[in-house]
Structure formats: C-alpha cells, structure tokens
Amino acid sequence: MSTAVVWFRDDLRVADNPTLADAVDAADAVVPVYVFDPREYGETRYGTEKRGPHRTQFRRESVRDLRASLRDRGGALFVRRGRPEAVLPELADRTDADAVYAQTKPSVEELERERGVRDALPEGVSFERRWTHTLYHLTDLPTAYDRIEDTFTPWRKEVERHSAVRDPVSAPDTIRTPDLELGGIPTQSDLGVAEPPTDDRAALPFEGGESAGKRRLEEYVWAGDHLRDYKATRNELSGANYSSKFSPWLAAGCLSPRWIHAEVRRYEDDRVANEDTYWLVFELLWRDFFQFQFLKHGADFFTPTGIRDVDRRWDRDREAFRRWADGATGVPFVDANMRELNRTGYMSNRGRQNVASFLADALGIDWRWGAAYFESRLIDYDVASNWGNWAYQAGVGNDSRDNYFNVLSQAERYDSEAAYVTTWLPELEGLPPRFAHRPWRMSDREGTEYGVELGVDYPRPMIDIEARYDELRNTR
C-alpha cells in the first residue's frame, strides 16, 4: 500500500486543491496534517506580534472546518504542534510514506520552511510541490516569473492576452487515512495569543473555514446580487457589502481564486457581465501580481529601500508609531481606521492606503513597522499582498510614482458626512463633518457649543498635518 503525507499550509480547503487531489489519486492512503508552528507566534524583529488574536482565531476555525470536511469524506485531519521540518519527516517515517505533498509559496520564510522539510525527509521519500495560491498558474505565464514586468498594467495586459485560467479541480469524493492520534486544535491560550475582542460595529462577523467562505460568496454574489455593483461601491468604508470581503478566505486558502473566478463567470453567464464583474477579477490579478513579484524579488521586499533601492532615511520614533497603531494620532480618519483594525481585524482598502500613507509619508516612519503591524492584526494578511502593497505605498515597491494620500481630503471625499469617523470615534459624534474631520479647527466657543472639550475627549494632532501636506505638495 502506498501512502502520501499531505501538508496543509495556506490551502485549507478540499475544493480546487490540487495538492490534496493529486495525493489522493497517487496513493492508496493519505495522511492530511496541519502543523501549528511556534515561529508563527510571538514577537517579530519589528517589536510587533506576529499573528494576533483575530488572525489566530480565524486560522483555528479554518483548521477545524477542514477537519470536518475531511471527516465527511471518510478521512481525518491530523493536527500537530512543532516545527514542520521535525514533525513531517517523523510522520512520514512512522507511516512509511512514499511522498510528502505540499503547497509551495513564493515568500522567504515559507520557502525556507519548505526546504527544511524536503531536506529532512527520510531517504526515498519524495517531496511533491504544487502551486495553488494564484488565479493564473505559474507555468502558464507568458513570460517567466524572473523576467516579468515590475509594473502591474503591462503585466496584466500580457497575461490577459496570452494566458488562460485553469478549471478548478474537484474535491475528492472519498479520502482514506490511517489510524493515528488526531491531535487537538490548540486554544488561543495554548498558542500564547489573547482572545480577540468582539465589536458589533464590525463590517462582517468573519468566520474561518471553507464552509464559511462559500456561504459568504453565496450571500454576496447570488443572494445579495452585489457583484453587479462591485466597482461602484468598493471604496466605501462601512457595511458588509460595499466590497466582497473574500480576502480572509483567500489568504488562508479556504477559497481558491480559480473557484471564485469560476463563480464570477457563472454569474456573468446567468445574470450580467459588466465593468463591475470584471473588476473583481481585476483585483484577483493584482493579488497574483504580488505573488509573482515576490517569487522574482524575494527578500528585497523586506529591505528599507525595497525592490527599487530607493535611498530614503526613515524615522524610527517608537512613540509616534505607538500612537499610530493605537489610533491616537489626533487625525480622525487615521484613528477611526486603526481602531476598526484593532477591534475587528479588518479595514477597508481605502482605509489601508490612507493609514499607510500617513505613517510612511506624513510621519516618515519606517514603512516596514506598519507592514509588520498589519501582519499581526489583519484577518486577511497575505505576505505578498501586504508587504507588496506597503512597499508600493512607501514608494519603494512596484510603482515609479512618488505619490501620497492626503488623509484630510480623502476623508472629506469618501466620508463626506463623517458617518464612518463618528462610528469609530464616538467622542466626535454630533460634530458637523467639517469639524469631525478637522476638530483642531474649532474655536473654544465652537467646542463648547458642540460639547467637545479638545485635548480631553480627543487628542490634538501629533503633527501639524495641514502644514505637512503643504510641504509634501511643494517637494514632490
């Protein structure tokens, strides 16, 4: 009897999972395993928590759902704690496995773990890698990854013109696993992570797992019929359906981009095909772009100068960074977004661009600190998308332009009635929008009139933000 170990990583699903499907086809029995690696928890070199409360809870829920899906097919998911390069070779040896099947990913730590497992396997056990995290397959790119364009638009046009998205792979009907100790899914406390806060202001009650991800797609695309308006609403700030919010399930691999793409095409055939439906696929292409860019540039994405070797002196003011992270900068649009992130593990795309620009451009603080903080807090953290977008915004990544976001004008444009700001900063409730976004402009008399005692209920801005934008406008 042949046996294959299946190492689940960021592919916590049974539908369109070539790693699992190929192992089931090749072997008489499979050993599906998820490893909780202690290096995924604790403190990073930037002084941030590597995997924070919301992201840890989402991962644990996703592993639990995967276990249930495998059980429904007659199999089991074995859960272990430890370093994969120690756990997996031991498991392969114990089960007399012929091969270990695993998803491969492009980033530095993930590739190091993968090589560690491969090199530690018993003699005669092969290591079978599968590329499963992108819409377009690596080998289907018209230009090899190490020669692709570093600018999105020409890359996108070439891929759309010369490549095709593969069909999703069906989930196995049955899975045969050996009789082994299952292993328990560790608690938050077991992993040294606090329980996440709950907040009824959250855009969506995110729940981990393939089952929850498919329910979200069913609600957003089919029941709610929101896909037809996707592009028109995606820059909004509040509510469950201004965007698809598929990203947490994509990041953990609970949903595959190819499966989502197939659902979009089905929607276009059954209901409507327009610019909005295309735009969701367009966003999946942006996600792909950063995955392939990480394969091309690797560790350069984690340097202060980025992939473009931009010579810029970054500030490392810990107190200023703390105020940014805590949502206490005194600039309401920044603070509201950061408080939403801290309370819920999520933030709109518009919010992410603005708070990143505020940290890197207005404050001049090392952008990598911000990227590391997002890594800790975001439910939908994906290494390539997160670090690639932060480098992009900081002017050291995949964009030759040196642009910044004026968070004041952005707030007035996208939150014209200050509804979002006052939701997350109730101390500003009742102010007219012109003051809710710029409370420092109120006179003492106006503050008294509106019941706001500045400096007590809401902090003064940590910098003269209006003067800072004048400076940036004159120097860029």
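These figures come from a predicted structure and were not determined experimentally.
Heavy atoms only, all atoms of each residue included: F301 and A391 are closest at CD2-CB, 4.3 Å. The minimum heavy-atom distance linking R9 with K105 is given by the pair NH1-N, 4.3 Å. Considering every non-hydrogen atom in both D16 and P168, the closest pair reads OD1-CA, 3.3 Å. When all heavy atoms of V310 and G395 are compared, the pair lying nearest together is CG2-O, 3.4 Å. In this structure, Q188 and P53 approach most closely via the heavy-atom pair NE2-O, 3.4 Å. In this structure, C254 and R13 approach most closely via the heavy-atom pair O-CB, 3.4 Å.
For R118 and F127, the positive end is not near the middle of the six-membered ring at less than 6.0 Å and at most 45° from its axis. A cation-pi contact, defined as under 6.0 Å to the ring centre and within 45° of the axis, links R312 to W314. A cation-pi arrangement, defined by a distance under 6.0 Å to the six-membered ring centre and an angle within 45 degrees of its axis, is absent between R81 and F36. A cation-pi arrangement is absent between K214 and W249, since the terminal nitrogen or guanidinium carbon is not both under 6.0 Å from the aromatic centre and inside a 45° cone about the axis. At least one test fails for R352 against the ring of W390: distance under 6.0 Å to the centre or angle within 45° of the axis.
Rounding to the nearest 0.5 angstrom, the gap separating the CZ atom in R55 from the OH atom in Y381 is 6.5 Å. In this structure, the separation between CG on L341 and CH2 on W424 is 10.0 Å, given to the nearest 0.5 Å. Residue S256 holds its OG atom at 8.5 Å from CG of N17, rounded to the nearest 0.5 Å. For the atom pair CD (E263) and CH2 (W222), the distance works out to 6.0 Å, reported to the nearest 0.5 Å. Here the straight-line distance linking atom NE2 of H261 with atom CZ of R258 works out to 11.0 Å at 0.5 Å rounding. A distance of 10.0 Å separates CG in N386 from CZ in F290, rounded to the nearest 0.5 Å.
In this structure, N342 contributes its side chain and A325 its backbone to a donor-acceptor pair below 3.5 Å. A donor-acceptor pair is defined here as one N or O able to donate and one able to accept, closer than 3.5 Å; such a pair exists between the side chain of T56 and the backbone of R51. Under a 3.5 Å cut-off, the side chain of R67 and the backbone N or O of L77 do form a donor-acceptor pair. A side-chain donor-acceptor contact under 3.5 Å links D288 to the backbone of Y136. E210 places a side-chain N or O within 3.5 Å of a backbone atom of A15 that can act as its donor or acceptor partner. With T422 contributing its side chain and P426 its backbone, the two residues share no donor-acceptor pair below 3.5 Å.
Between P154 and T151, the closest side-chain pair of non-hydrogen atoms falls below 4.5 Å. A 4.5 Å side-chain heavy-atom check between W387 and R368 finds at least one atom pair inside the cut-off. In this structure, D415 and S238 have side chains that are not in contact, with every pair of non-hydrogen atoms separated by 4.5 Å or more. Residues D225 and Y267 form a side-chain contact, since some pair of their non-hydrogen atoms from C-beta on lies under 4.5 Å apart. Annotation: side chain of D326 is not in contact with side chain of M338 (no heavy-atom distance under 4.5 Å). Inter-residue side-chain proximity for L250 and R287 is flagged as met; some heavy-atom pair is nearer than 4.5 Å. Two residues are said to be in side-chain contact when any heavy atoms from C-beta on lie closer than 4.5 Å; W367 and Q393 fail this criterion. Residues L227 and V264 are in side-chain contact: their nearest non-hydrogen atoms beyond the backbone lie under 4.5 Å apart.
Under 4.0 Å is where a charged nitrogen must lie from a carboxylate oxygen, and between R343 and D199 at least one such pair does. Residues E149 and R156 are not paired through a salt bridge, judged by the lack of any N-O separation under 4.0 Å between the basic side chain and the carboxylate. A salt bridge between D150 and K296 is present, with a side-chain N of the basic residue lying under 4.0 Å from a carboxylate O of the acidic one. By the 4.0 Å N-to-carboxylate-O rule, R130 lies close enough to D22 to be salt-bridged with it. The residues K50 and E43 are annotated as not salt-bridged, no charged nitrogen and carboxylate oxygen being separated by less than 4.0 angstrom. R468 and E471 are joined by a salt bridge, as a carboxylate oxygen and a charged side-chain nitrogen come within less than 4.0 angstrom of each other. A salt bridge links E466 to R438: one of the charged nitrogens lies within less than 4.0 Å of a carboxylate oxygen. Between D269 and R265 there is no salt bridge, since no side-chain N of the basic residue sits under 4.0 Å from a carboxylate O of the acidic one. Between R339 and E427, at least one side-chain N (NZ, or NE/NH1/NH2) sits under 4.0 Å from a carboxylate O, which counts as a salt bridge.
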side-chain hydrogen bond (donor to acceptor under 3.5 Å, both in side chains) between E158 and T143, intermediate numbers included: CA-CA 9 Å; E158 182 189 34; T143 300; 2.7 Å; yes
Could you walk me through whether R228 and D276 pass the salt bridge (Lys or Arg N to Asp or Glu O under 4.0 Å) test, one step at a time? CA-CA 6 Å; R228 67 175 66 240; D276 295 84; over 6 Å; no
Salt bridge (Lys or Arg N to Asp or Glu O under 4.0 Å) between R39 and E85, intermediate numbers included: CA-CA 12 Å; R39 291 167 295 188; E85 56 267 39; 2.9 Å; yes
Evaluate the salt bridge (Lys or Arg N to Asp or Glu O under 4.0 Å) criterion for residues D140 and R166: first the C-alpha distance (whole Å), next the side-chain angles of each, then the deciding distance (0.1 Å), finally the verdict. CA-CA 9 Å; D140 295 338; R166 297 183 183 185; 2.7 Å; yes
Assess the residue pair F358 and Y469 against the criterion (ring pair (Phe, Tyr, Trp, His ring centres under 6.0 Å)); give the C-alpha distance rounded to whole Å, side-chain angles, the decisive distance to 0.1 Å, and a yes or no. CA-CA 10 Å; F358 184 82; Y469 285 131; 7.6 Å; no
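Side chains of Y230 and N241: no donor on one and acceptor on the other come within 3.5 Å. Using modelled atom types, one finds no donor on one side chain facing an acceptor on the other under 3.5 Å when comparing T233 with D229. The closest side-chain donor-acceptor pair between D65 and S211 falls under 3.5 angstrom. Side-chain contact check for Y458 and D335: at least one donor-acceptor pair (N or O, by modelled atom type) lies under 3.5 Å. A donor-acceptor pair shorter than 3.5 Å cannot be found between the side chains of D300 and T303. N337 and Y420 form a side-chain donor-acceptor contact under 3.5 Å, judged by distance and modelled atom types alone. In this model, a donor atom of one side chain and an acceptor atom of the other lie less than 3.5 Å apart for T277 and E268. Between the side chains of E114 and T104, a donor-acceptor pair is found at a separation under 3.5 Å. Looking at S107 and E110, their side chains do bring a donor and an acceptor atom within 3.5 Å of each other.
A parallel orientation is assigned to the rings of F374 and W324, their planes being inclined by less than 30° (bins at 30° and 60°). The aromatic rings of F152 and W286 lie parallel to each other, with less than 30° between the two planes, well short of the 60° mark. Aromatic ring pairs are classed by plane angle as parallel below 30°, tilted from 30° to 60° and perpendicular above 60°; the pair F292 and W131 is parallel.
Of the candidates R59, R215, K245, E207 forms a salt bridge (charged side-chain N to carboxylate O under 4.0 Å, His left out) with just one, namely R215.
Not less than 6.0 angstrom separates the ring centroid of Y346 from the ring centroid of F58.
Counting heavy-atom neighbours within 6.0 Å of D311 CG, excluding the residue itself, gives a total of 12 or less.
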